[in-house]
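Since this is a predicted model, take the numbers as computed values, not measurements. Computed over heavy atoms, backbone and side chain alike; hydrogens, waters and symmetry mates excluded. The sequence lines fix the lettering, A, B, ..., with proteins before strands; numbering per chain opens at 1.
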Amino acid sequence: MDFWIIFSKLALLIFIAFTCVRTDISHISWVVFAILLYFCLNITLNIFKRISIKRILLLLSIGISITSYFEINSLFILLLPFALIELTADFFNKKIIILLISIVPIININEALQPLYGIVTIFCFMIFTIISVYGDRLIKNEEQMDSMRKTLQKMTKNLNENTEYIRQSEYTFKLEERNRISQEIHDKIGHSITGALFQMEAAKRLIETDKLKATELLQNAINISKDGIENIRLTLKNMKPPSEQVGIHRIKLMIDEFAAKHQFKTVLTHDGNLDIITPIQWKIIHENTIEALTNTMKYSNATLVSVELKVLNKMIRVEIKDNGSGADKIKKGLGIIGMEERTASLNGKIIVDGTRGFSVTTLLPIHS
Amino acid sequence: MNILNIAWKGIKTDFRDTRTLFFMLAFPVVLMLVLGSALSNTFGNSLPVDDIHVLYQDTSHSDNFNQFIDAAEKSGIHFQKVTETINPQNEVKQSKYDGYVEVTQQGLQLYVNNGNSIEGSILQGMLTSYVDKYNIASEIMKVAPEKLESAFTHKQKDDFIKETSVLPNKQPGSMDYYAIVITTMIVLYGAMSSSSLIISERVRKTADRLIASPVRKSEIFIGKVLGSLVSNTICVLLVILFSKLFFKANWGNHLGMVILVLLTEIIFAVSMGIGLSFLTKTSAAPRIIIMLFVQLASFFGGAYFKIDNPQGIFKFITELSPLTWVNSAITKMIFANDLSAAIPAVTIHLTGALIFLLVAVISLQKREGL
Amino acid sequence: MNVLEIKNLTKKFSDFIAVDNMSLTVAEGEIFGFLGANGAGKSTTINMIAGLLRSNEGVINILGKNAAKNSRFAKMNIGMVPQDLAIYEDMTAYENVKFFAGLYGLRGQELNERVEEALEFVGLQDKHKSYPNSFSGGMKRRLNIACAIAHRPKLIIMDEPTVGIDPQSRNYILNSVRKLNEMGCTIIYTSHYMEEVEEICSRIAIIDHGKIIAEGTKEQLKSIITNTKDLWIEVKSTEKVNVESIKAINGVEAVQIDENLIKINSDTGVNNLNKIIEHFINSHLEIRSLQEKAPNLETVFLTLTGRNLRDQ
């Protein structure tokens, strides 16, 4: 930014220098001196950060240009507007005032120089305005970037924490599940087996003396064991999640929920033998469907979403399609990349098409 | 080797294209013929002057002027007395007469239409010498009337001043002039064909094939440029030869140097065509730009009519035309044997060519394919 | 040996992803077909293989060598037949082929022989001195091919070589492709004419939105969507039809009767046509017509992508 101001000043200096050289003035050494002085001042201007020093330097350059105007060469007045603009810009917000102040000296200067002075002032003003406007914008953008970077950092941290949390809870769940199973085994099956064992021990002792009693005890043991087996079956059955929570039902549930929340019509169709879809494939189908529905909700202005699940001979095809505005050129966002990665983990493919509404097709190979 | 292959193919197809041939060969020859003969008046050393008609009014009451009229009649200057009905000044203004002379006791007054017209100049000259002689005679009459006879009868000496041209016979005639300017103009038009060198490959899709072959892009580019240079050079040489043989155009004693300057102009034109074709997006744009540029350059470079001593802003505009430089360089080389005149033209051409070629090379490198 | 190996090839045109992380291999001697709708990324892929476009990511190996690093080697071994006619209208057929073959370093006697050979191969040997503007569409297409094969490339890439020509020329070109293949060339063939691809290609990749969504022989591709085919047999009357005994024939999965039409759904892996017909004859059923409704590549494409091959 500062570079362009310096550059404009340099251009002015070069102009003055050239004009002086071409008009063959006598005291060229003074001209060089004034130019050098001005040059030094304006370079130092960019070195100091303190605003008061800057103002002093600007005042000095105003002084130089005015003195040189009277004493050396009238052209030096052309250096005035930039210094004036820079100086006044700190005090006034209204750009027009800055322009007025910097153009005022025109009244007092050599008539021949008035148009040139006017043009130079207006150019300086324009350059300065453009630079300050864009400079401000740049600073604003920088700030925005900073805050975004911070947010990003926070998010990443959150994400890491969440992953950790998920791992923790996974472990906890496993632990809980193990506890539950051991509890069950201990409470029910353990008791039965111990009971049966006692009965059988007693029968073994009695088998020589009281055959009848022994047979009765053995029958008892058999009954207890039967109960135990039934218990094992029940326990294991308990561990299997209810059917509403898997497969097509889960997807149906989710779609209905989605439709209820977001004013869409939804259609779910399926075709083929759903039983050969493995749980991990269901998981991916489920996640991709969520993602696609979210996309639809966010971007499409659609009124109808259809989810079609087809089990072909060697491939599972899930298409989530809306009747919305679609997109001619699809920009891959995180959502689509996520779907792609998930699907690729099972050697599947994702086709995203935006030509007629928006559709996401998941193709998963069936391994036999 | 691939470069030569591509260049040779370019040359071959250039000469098969009848349109190119017409444009590069027939067009300049016809243009030279038309302009050279139609505008020959503004050139040359002899100007045909028709009979001159002059109105006069004689109030001097002497027959001196009548004698002059009789004498002038022999040289085709017809004097006619003013009648009451006509306004002599108006007649002259409307160019019905070439001049109007008022003869009074005090002297002669001549009105001509245009101060610079040849007829006017002739009249002026004749009348001045008439007046001078008359004045001399009257002076002699005053001093020594007897000498009058001898003063006017002895053979007049009229070779007081011998006019010698600094460059005898070395002013370009119209054909010489147009041979040069049309040739340089047609060279500039070479940019048209070179602008389509790469574009045509793209349009015909043969660019894909070229890129798919194991030939480097640089080889294709150099081959293309080389081919265009050679075919343009051949065309220009043919035009020069033709104008020299059939129009007897004067190409001077330094034909080699002239051709060298023209060669740099060809390089400039070809590079300009290629450079522009890379700068613009559409395939038609470079043609339009070149057409406009060459038209303007030709106009201000004096390809259609000679521009003598332009002044001020007009001079600046003419100097913007590269044709101004090359034309003046070649004219000076031919008619003033000034070989150093070639330097500015050659510099301009080569610098321009370099810039355009750089543009082309840089954008070619950035581009995928041709 | 693999003539072509592509790994994770990606090409973006600003935001638009034309080729998306594509991987594939083509072995020597194959006729490999690219099947896909317009704009699916076939031409972009081919242009990258031929070195016309640079990839954003990924590797292309030609005959085992990295094409980007051994560009000359790769290009020497590839013959490119572009989709659009890429011939010079202002040069004769012979000159066209000679010019392009000359770019591959062929010179002198050898060059002339190869040009003759290529022109003869595409059946233009008696059109040496003719200019392409006097040619029919099919002849131009053939010249387009001749320009690509004169340097005897190992890998010939044909991008829609049969667009817009008459059936006769098309057959000629398809036969040339086979002949080139028999002579030892590996061929990559793109088309959106499904029948052509199905007819000549030994392996096919279905491309959509810059991705290969399925790949394999045509049987493999068809078996993705189903392993059964329908046999529709029209008989005079269906009175004597014994559904159970038809079902008993090996491979038959289901039988359905629809007026005079008996629709037999049967495993594609079992060749039971003879037995079925035998059964009909033995049952004294008069067969009026017989239709096999096997899936074709079009169906495969439609089923997998949800769109027709010739949409847009």
Side-chain angles (χ1 to χ4, degrees), chain B residues 1-24 192-194 196-224 226-228 231 281 283 363-370, chain C residues 11 13 43-44 46-56 62 67 70-92 95-108 111 131-132 140 143-145 147-148 150-151 153 155-157 159:
Chain B
M1 200 56 200
N2 281 324
I3 294 175
L4 292 184
N5 207 355
I6 290 166
W8 174 235
K9 186 234 126 201
I11 296 165
K12 213 160 54 174
T13 48
D14 270 347
F15 278 92
R16 265 182 205 170
D17 186 2
T18 43
R19 265 188 312 169
T20 314
L21 280 193
F22 172 79
F23 199 77
M24 295 301 285
M192 290 275 260
S193 62
S194 73
S196 61
L197 278 181
I198 304 287
I199 286 178
S200 72
E201 296 285 350
R202 264 184 241 151
V203 171
R204 279 199 223 116
K205 307 289 175 191
T206 38
D208 286 355
R209 193 152 249 160
L210 289 177
I211 292 292
S213 72
V215 179
R216 276 196 294 274
K217 262 202 253 185
S218 56
E219 290 177 304
I220 300 171
F221 184 77
I222 296 171
K224 284 266 161 198
L226 195 67
S228 185
S231 29
K281 288 241 151 59
S283 57
S363 45
L364 188 65
Q365 272 178 342
K366 280 189 187 162
R367 204 183 257 277
E368 282 186 298
L370 261 186
Chain C
K11 176 73 190 175
F13 295 111
S43 287
T44 312
I46 277 175
N47 287 344
M48 281 192 282
I49 297 170
L52 302 181
L53 293 175
R54 284 188 284 262
S55 62
N56 293 101
I62 305 285
N70 305 280
S71 143
R72 196 181 156 78
F73 171 82
K75 286 177 170 179
M76 285 296 276
N77 283 295
I78 293 177
M80 171 81 175
V81 181
Q83 180 172 354
D84 303 289
L85 290 169
I87 47 180
Y88 294 107
E89 297 276 343
D90 45 10
M91 295 206 297
T92 63
E95 284 171 332
N96 261 298
V97 181
K98 189 171 174 179
F99 173 68
F100 287 116
L103 299 179
Y104 288 82
L106 295 171
R107 296 284 174 265
L111 175 62
Y131 286 90
K140 282 184 191 171
L143 179 58
N144 201 28
I145 293 174
C147 290
H151 62 285
L155 173 64
I156 298 173
I157 301 173
D159 194 359

- prompt: What residues form a salt bridge (Lys or Arg N to Asp or Glu O under 4.0 Å) with B:Lys9, not counting sequence neighbours?
  reply: B:Glu201
statement: Okay, C:Ile78 and chain B: the region with an atom under 4.5 Å from a heavy atom over there is neither
message: Using heavy-atom distances under 4.5 Å, tell me whether C:Ala74 contacts chain B through its side chain, its backbone, both, or neither.
response: neither
- line: If one checks every heavy atom of B:Arg367 against chain C at 4.5 Å, the contacting part turns out to be backbone
- request: Select one option (side chain, backbone, both, neither) describing which atoms of C:Glu95 are under 4.5 Å from chain B's heavy atoms.
  value: side chain
message: If I measure from the heavy atoms of chain C, does B:Arg204 come under 4.5 Å with its side chain, its backbone, both, or neither?
response: both
task: Answer whether the closest heavy-atom distance between the side chains of C:Met48 and C:Thr44 falls below 4.5 Å.
output: yes
Between CD on residue C:Glu89 and CG on residue C:Asn96, distance to nearest 0.5 Å: 8.5 Å
query: With only heavy atoms counted, which part of C:Phe100 is less than 4.5 Å from chain B, the side chain, the backbone, both or neither?
result: side chain
- prompt: When you measure from the side chain of B:Ser231 to the backbone N and O of B:Gly227, does any donor-acceptor pair fall under 3.5 Å?
  reply: yes
- request: Measure up the C:Tyr104 and C:His151 rings against each other and bin them: parallel (under 30°), tilted (30 to 60°), perpendicular (over 60°).
  value: parallel
task: Heavy atoms only, distances under 4.5 angstrom: which of C:Cys147, C:Ala148, C:Ser71, C:Ala50 has the most pairs with chain B? Name it, please.
output: C:Cys147
Note, C:Asn77 side chain near C:Pro153 side chain (heavy atom, < 4.5 Å): no
- line: Applying a strict 4.5 Å limit to non-hydrogen atoms, the region of C:Leu85 in contact with chain B is backbone
